[in-house]
Amino acid sequence: MSAPSSKAELAPKAELAQKADFAKTADLPRHVAIIMDGNGRWARARHMPRAAGHVAGVSAVRGIVRAATDIGLQNLTLYAFSSENWKRPPTEVNHLMGLFRSYFRSDVDELIARNVRLRIIGNRSRAETDILEMIEDCERRTAANAGLNLTFAFDYGSQEEIAAAARALAEAARDGTLDPASITPQSFSAKLSTADLPDPDLIIRTSGERRLSNFLLWQSAYAELLFVDTLWPDFSPKQFLDALESYAQRERRFGAVSPEAVA
Ligand code: FPP
């Protein structure tokens with residue numbers, strides 16, 4: 001199936017260049033995470049099968065990854081497939097897996113050219129072996145790249161991730177190699193699959209839904225949340241840069257008070 005055109009591919013170049021200049025000078029978040037939602041509704045609005053929405057969703061992924069590398073973003077994490085998504089009809093799951101296969105096969109050269117390091121977080125035991133091999137090949141081939149860290153949350157669930165970290169700490173305590181009193185938020189974070197990433201500064205969810213859906217629950221403690229109505233296939237590089245611009249306007253206090261508020 002060829003990709004139906006999405007707005008993501010149609011952004012006017014001059015406007016984008018102007019926005020990109022803004023992003024280069026603004027305080028870029030160190031880590032942006034995105035819940036890519038709305039593929040099905042995008043397709044339904046066009047009387048197309050849900051699969052067409054996912055195909056258009058992959059085009060939007062490409063547009064956002066290119067924009068992220070163009071502006072020098074350090075970390076981008078995309079929620080591609082949740083541990084709950086296995087409950088979807090098998091035809092949809094199979095189609096999504098086919099898209100992952102072709103993405104990891106066909107986009108790796110561009111990712112290398114753009115100095116992107118690709119990794120996945122999530123459960124590596126349930127997907128088909130050939131997909132896991134492709135992912136691991138992609139991870140190996142991009143491991144030395146020092147530009148954008150692109151992380152796909154794939155078969156990912158935050159509660160499962162937190163439970164696994166708790167289990168690892170409990171086992172170490174049981175074996176006498178860890179003093180439970182020494183457990184801190186930092187040592188707990190170090191047991192999560194995101195251990196070598198900074199916590200997300202900004203989490204964007206498309207499609208108008210306002211929830212985190214089991215995504216980076218521990219890591220989002222102080223994240224700025226941005227909910228946009230745009231359906232994922234229409235989420236354009238311009239809207240991405242707008243989101244970064246709106247993040248730059250926010251005052252982040254991390255539980256403290258702003259200096260102006262201190263009399
Ligand atoms: C949510 O939309 C989206 C997903 C469950 C999958 C996200 C996948 C992609 C963007 C494409 C695959 C990406 C790569 C890199 C191969 P939904 O289906 O829940 O939409 P709806 O809420 O409108 O039904």
Engineer: Tell me, do L96 and R101 make a side-chain contact under 4.5 Å, heavy atoms counted?
Structural biologist: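 Contact flag for L96/R101 side chains = no.
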Engineer: Would you compute the distance between atom NE2 of H31 and atom CG of D201 and round it to the nearest 0.5 angstrom?
Structural biologist: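 Spacing of NE2 (H31) from CG (D201) equals 8.5 Å.
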Engineer: Could you walk me through whether L217 and L212 pass side-chain contact (heavy atoms from CB on, under 4.5 Å), step by step?
Structural biologist: CA-CA 7 Å; L217 300 180; L212 289 178; 4.0 Å; yes
Engineer: Going by the rule salt bridge (charged side-chain N to carboxylate O under 4.0 Å, His left out), which residues pair with R174 if we only count those two or more places apart in sequence or in a different chain?
Structural biologist: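 In terms of salt bridge (charged side-chain N to carboxylate O under 4.0 Å, His left out), with neighbours along the sequence ignored, R174 is linked to no residue.
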Engineer: Check the pair V32 / F240 against side-chain contact (heavy atoms from CB on, under 4.5 Å), numbers first and verdict last.
Structural biologist: CA-CA 10 Å; V32 179; F240 181 58; 4.1 Å; yes
Engineer: Under a 4.0 Å threshold between the charged nitrogen and the carboxylate oxygen, would R117 count as salt-bridged to D196?
Structural biologist: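 Salt bridge absent between D196 and R117.
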Engineer: Scan F81, Y103, F100 and name whichever one has a ring-ring contact (aromatic ring centres under 6.0 Å, His included) with F152.
Structural biologist: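 One option only clears the test, and that one is Y103.
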Engineer: Does W42 have R44 sitting over its ring (NZ/CZ under 6.0 Å from centre, angle to axis within 45°)?
Structural biologist: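 Judged by the rule (NZ or CZ under 6.0 Å from the ring centre, within 45° of its axis), R44 is not positioned above W42.
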Engineer: Only counting residues at least two apart or in another chain, list the ones meeting ring-ring contact (aromatic ring centres under 6.0 Å, His included) with Y247.
Structural biologist: none
Engineer: Is it true that the side chains of S125 and N123 contain a donor and an acceptor less than 3.5 Å apart?
Structural biologist: yes
Engineer: Give a yes or no on whether R211 atom CZ has more than 12 heavy-atom contacts from other residues, nucleotides or ligands under 6.0 Å away.
Structural biologist: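 More than 12 heavy atoms, drawn from other residues, nucleotides or ligands, come within 6.0 Å of this atom.
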Engineer: Check this for me: does any side-chain nitrogen of one of D27 and R250 sit under 4.0 Å from a carboxylate oxygen of the other?
Structural biologist: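 Salt bridge absent between D27 and R250.
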Engineer: Output, in order, the C-alpha distance, side-chain angles, deciding distance and verdict of side-chain hydrogen bond (donor to acceptor under 3.5 Å, both in side chains) for W232 and S207.
Structural biologist: CA-CA 7 Å; W232 173 251; S207 91; over 6 Å; no
Engineer: For A153, enumerate each residue passing the side chain to side chain contact (heavy atoms under 4.5 Å, CB included) test, keeping only those at least two apart in sequence or located in another chain.
Structural biologist: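 Side chain to side chain contact (heavy atoms under 4.5 Å, CB included) list for A153, sorted by chain: Y79, I121, Y156, F215.
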Engineer: Look up atom CZ in R205 and atom CG in D229, then write down how far apart they are to the nearest 0.5 Å.
Structural biologist: 12.5 Å
Engineer: With no hydrogens and no angle check, just 3.5 Å: does a side-chain donor-acceptor pair link R119 and N149?
Structural biologist: yes
Engineer: Say whether W218 and D199, considering side chains only, have a donor N or O and an acceptor N or O under 3.5 Å apart.
Structural biologist: no
Engineer: Any Lys/Arg nitrogen of R141 or E110 sitting under 4.0 Å from an Asp/Glu carboxylate oxygen of the other?
Structural biologist: no
